Engineer: 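The structure is given below, and queries will be raised subsequently.
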Amino acid sequence: MKDASVHFIDGFSSSFRGLKALARTRRLWPYALAPFVIGAALLGVGLSWAFTNLGPWINGWATGAAVVPEALRSTVYWLVVILLWPVCLVAIFYGVFIATKILAAPFHALLAERALMEFDALQDRPFQFGPWVRVSVRMLRVSIVKALLFAVLGLFLFAVSFVPVLNVFAAFGFLLIVAFDSTDYSFEALQMGFRDRLGFFRRHFFYFCGLAASLGLVFFIPGFNFFLFPAAVVGGSDLVSRRLKTKSERETE
């Protein structure tokens, strides 16, 4: 149990270590700025739609509480409103995250690759346009497939999120998906197979829980979550590189 808490704290600090590394390494900035611009634009559109359309829809659901006894009607109304707004906003943010993930995949891939070079997990090499285009096309195809899988899982979590108590676990499930995805670019750069990626996630589950919790602190702050995600990608690269180095050191002992 002690190891689990240590791993959780280590994972929790990963995104902040990534933010620190991103702040001091200027050559990473262009790869972090592009996803932020894309995400911020999509988030603006998504929130504009949400606050225009969700209010009447949620109010309609809450008004349906009129079937309950009059003494409890006001309490039930506000419970419905309080429960539905966070669920719907998480769904909006998740949808924007999926769209940003597809469009910004090439930049996140480059960011993770360059970060791994900074952490000495990959050999440093100059940028080459041809290989970057090939990787970008491959990453776009892979990202679309993963986005579809995450969308299916997201729909399941969205449905579960309407159940009291379980909605908390559903929200954390969303964050775990984001935490996994922030490290997946490093897995791609290291040419790890899908089974190896899932194995890494399983072996370091509490690290990912910590990373998910740190992302959850800012997930409800419009715009800031997209600023943090590039830092989470760099933090994921730091986490992966340190875990792989630790494994290598243990094997050489």
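Predicted, not measured: the structure shown is a model, and the values here were computed from it. Sequential numbering from 1 along the given sequence is applied to the chain's residues. Atom set for the values below is all heavy atoms of this structure, side chains included, hydrogens, waters and symmetry mates excluded.
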Engineer: Does Ile9 sit in a hydrophobic cluster with other residues, and if so which ones, taking ILVMFWY side chains as linked at heavy-atom separations under 4.5 Å, directly or through other members?
Structural biologist: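 Its cluster partners, ordered by chain and number, are none at all.
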
Engineer: Output every pair passing salt bridge (Lys or Arg N to Asp or Glu O under 4.0 Å) with a member in residues 40-49, not counting sequence neighbours, ordered by first then second residue.
Structural biologist: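 Pairs touching residues 40-49 that pass the test: none.
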
Engineer: Who are the ring pair (Phe, Tyr, Trp, His ring centres under 6.0 Å) partners of Phe156, not counting sequence neighbours?
Structural biologist: none

Engineer: Is there a side-chain contact (heavy atoms from CB on, under 4.5 Å) between Val234 and Phe119 once you walk through the steps?
Structural biologist: CA-CA 10 Å; Val234 178; Phe119 301 135; 4.0 Å; yes

Engineer: Mind checking side-chain contact (heavy atoms from CB on, under 4.5 Å) for Ala121 and listing every partner two or more places apart, or none if nothing turns up?
Structural biologist: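 Counting only residues at least two positions away or on another chain, Ala121 forms a side-chain contact (heavy atoms from CB on, under 4.5 Å) with Leu116, Ser241.
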
Engineer: I'd like to check the side chain to side chain donor-acceptor pair (under 3.5 Å) partners of Thr183; sequence neighbours left out, ordered by chain and number.
Structural biologist: none

Engineer: Could you work out, with ring pair (Phe, Tyr, Trp, His ring centres under 6.0 Å) as the rule, every residue matching Phe12, not counting sequence neighbours?
Structural biologist: Phe16

Engineer: Decide side-chain contact (heavy atoms from CB on, under 4.5 Å) for Phe208 and Phe200; before the verdict, give the C-alpha distance in whole Å, the side-chain angles of both, and the deciding distance to 0.1 Å.
Structural biologist: CA-CA 10 Å; Phe208 282 94; Phe200 187 96; 3.9 Å; yes

Engineer: Going by side-chain contact (heavy atoms from CB on, under 4.5 Å), name the residues that satisfy it together with Arg24, two or more places apart in sequence or in a different chain.
Structural biologist: Lys20, Ala21

Engineer: Got a sec, which residues hit salt bridge (charged side-chain N to carboxylate O under 4.0 Å, His left out) with Arg27, two or more places apart in sequence or on another chain?
Structural biologist: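 Expected list: Glu118, Asp124.
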
Engineer: Passes side-chain contact (heavy atoms from CB on, under 4.5 Å), Leu176 versus Leu211? Steps please.
Structural biologist: CA-CA 8 Å; Leu176 272 177; Leu211 179 56; over 6 Å; no

Engineer: In the hydrophobic clustering (ILVMFWY, side-chain contacts below 4.5 Å, transitive), which residues join Leu239, or is it alone?
Structural biologist: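 Result for Leu239 is Tyr207.
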
Engineer: Does anything in residues 6-17 form a salt bridge (Lys or Arg N to Asp or Glu O under 4.0 Å)? List the pairs, not counting sequence neighbours.
Structural biologist: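 Qualifying pairs, neighbours excluded: Asp10-Arg17, Asp10-Arg242, Arg17-Asp238.
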
Engineer: Test Thr25 against Leu28 for side-chain contact (heavy atoms from CB on, under 4.5 Å), laying out the working first.
Structural biologist: CA-CA 6 Å; Thr25 312; Leu28 295 179; 3.8 Å; yes

Engineer: Holding to ring pair (Phe, Tyr, Trp, His ring centres under 6.0 Å), I want the full list of residues that pass it with Phe205, two or more places apart in sequence or in another chain.
Structural biologist: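 Applying ring pair (Phe, Tyr, Trp, His ring centres under 6.0 Å) to Phe205 gives Phe201.
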
Engineer: For the CG atom of Leu198 and the CZ atom of Phe187, what is their distance to the nearest 0.5 Å?
Structural biologist: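 Taking CG in Leu198 and CZ in Phe187, the distance rounds to 9.0 Å.
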
Engineer: With Ser237, which residues qualify under side chain to side chain donor-acceptor pair (under 3.5 Å), at least two apart?
Structural biologist: Ser186

